[in-house]
Amino acid sequence: MKVLVPVKRVVDANVKVRVKTDGSGVDIANVKLSINPFDEIAVEEAVRLKEAGVATEVVAVSGGVAGCQETLRTAMAIGADRGILVETNAELQPLAVAKLLKALVGKEGVELVILGKQAIDDDANQVGQMLAAMLDWPQATFASKITFAQDLVTVVREVDGGLETLELKLPAVISVDLRLNTPRYATLPNIMKAKKKPLQSMTPESLEVDVRPRLATLRMAEPPKRQAGIKVGNAAELVDKLRNEAKVI
Ligand code: AMP
């Protein structure tokens, strides 16, 4: 079973993002960029499937600027066998990413796509669902446990009320949640090995996918600043304030 793992390059989770002064977007100049944390979990899971003899090959794919090669190398240092960069300077919205992935699924003969539940930059949470719909494949989102038995896969997913268990037939799309696994630390030897793994470059045009944005961002704004807290003198004052002043925002 060949597994495709889409990985997005995003502003590192530890960076405090700044909105551009003209409100047109987030300023990413001189900011640390890393693999989307949920995608790291997806790569780890795919590599574990390969180590368990369930997957035959793990292919990482990233859509975006040339710098996404670094993200692919990170995925390969975790254990992905090779990488595909779909290079473009265009803004890639979730629908465009899903179309690119659909084209690659057909080209590569993939049986499982395992990806992050959402990219932490735009928080769209759309690509997996759109891809499953366009492929007409079963999907399980927010996976916290994945078990394989021949061509059936059992997925435990995190839902508001607790855990839901689904059984899907392959081929399928699975998006992963935080508690699925703890990605391994990429060791120096593995980082070195990753540099030698194959990295293929293609373009949206070569995949015959129109990636033109369908949505326009009108404005981006910082969240309102939190007001400073106050110290209360005693418990009675606290209770009084909670009763008479505190409001649900
Ligand atoms: P989203 O729906 O944008 O929140 O993203 C969900 C998942 O889709 C991410 O966790 C990635 O696995 C994948 N994805 C989104 N954008 C890209 C991209 N430009 N390149 C590769 N994978 C992506």
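Remember, it's a predicted structure, so these values are computed and weren't measured experimentally. All ligand and atom numbering here is 1-based and tracks the order in the structure.
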**OP:** Can you pull out the closest protein heavy atom to atom 10 (O) of ligand 1? Residue, atom name and distance to 0.1 Å, please.
**Re:**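 Protein heavy atom with the smallest distance to atom 10 (O) of ligand 1: Asp39 OD1, 2.5 Å.
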
Original post:
Would Asn181 and Glu44 count as having a side-chain donor-acceptor pair, cut-off 3.5 Å?
Top reply: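 Absent: no donor and acceptor within the cut-off.
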
Original post:
Among side-chain atoms of Ser62 and Arg9, is any donor-acceptor pair under 3.5 angstrom?
Top reply: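 Checked: Ser62/Arg9 side chains show no N/O donor-acceptor pair below 3.5 Å.
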
**OP:** State the atoms of ligand 1, each with its element, that fall below the 4.0 Å cut-off from a heavy-atom position in Asn125.
**Re:**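 Answer, ordered by atom number: 1 (P), 2 (O), 4 (O).
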
**OP:** Identify which of Val127, Thr71, Val176 has a heavy atom lying nearest to atom 15 (C) of ligand 1.
**Re:**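 Heavy atom nearest to atom 15 (C) of ligand 1 belongs to Val127.
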
For the 3.5 Å polar cut-off, considering only N or O atoms, please tell me whether [X] and ligand 1 meet it.
X      : result
Pro6   : yes
Val61  : no
Gly63  : yes
Asp123 : no

Original post:
Just wondering, are more than 12 heavy atoms of other shown residues or ligands nearer than 6.0 Å to CZ in Arg243?
Top reply: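 Result for CZ/Arg243: open.
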
Subject >> Part of Val86 within contact of ligand 1 (heavy atoms, under 4.0 Å) >> reply: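 For Val86, there is no contact with ligand 1 at all, from either part.
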
Subject >> Region of Val5 that comes within reach of ligand 1 [heavy atoms, distance under 4.0 Å] >> reply: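 For Val5, there is no contact with ligand 1 at all, from either part.
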
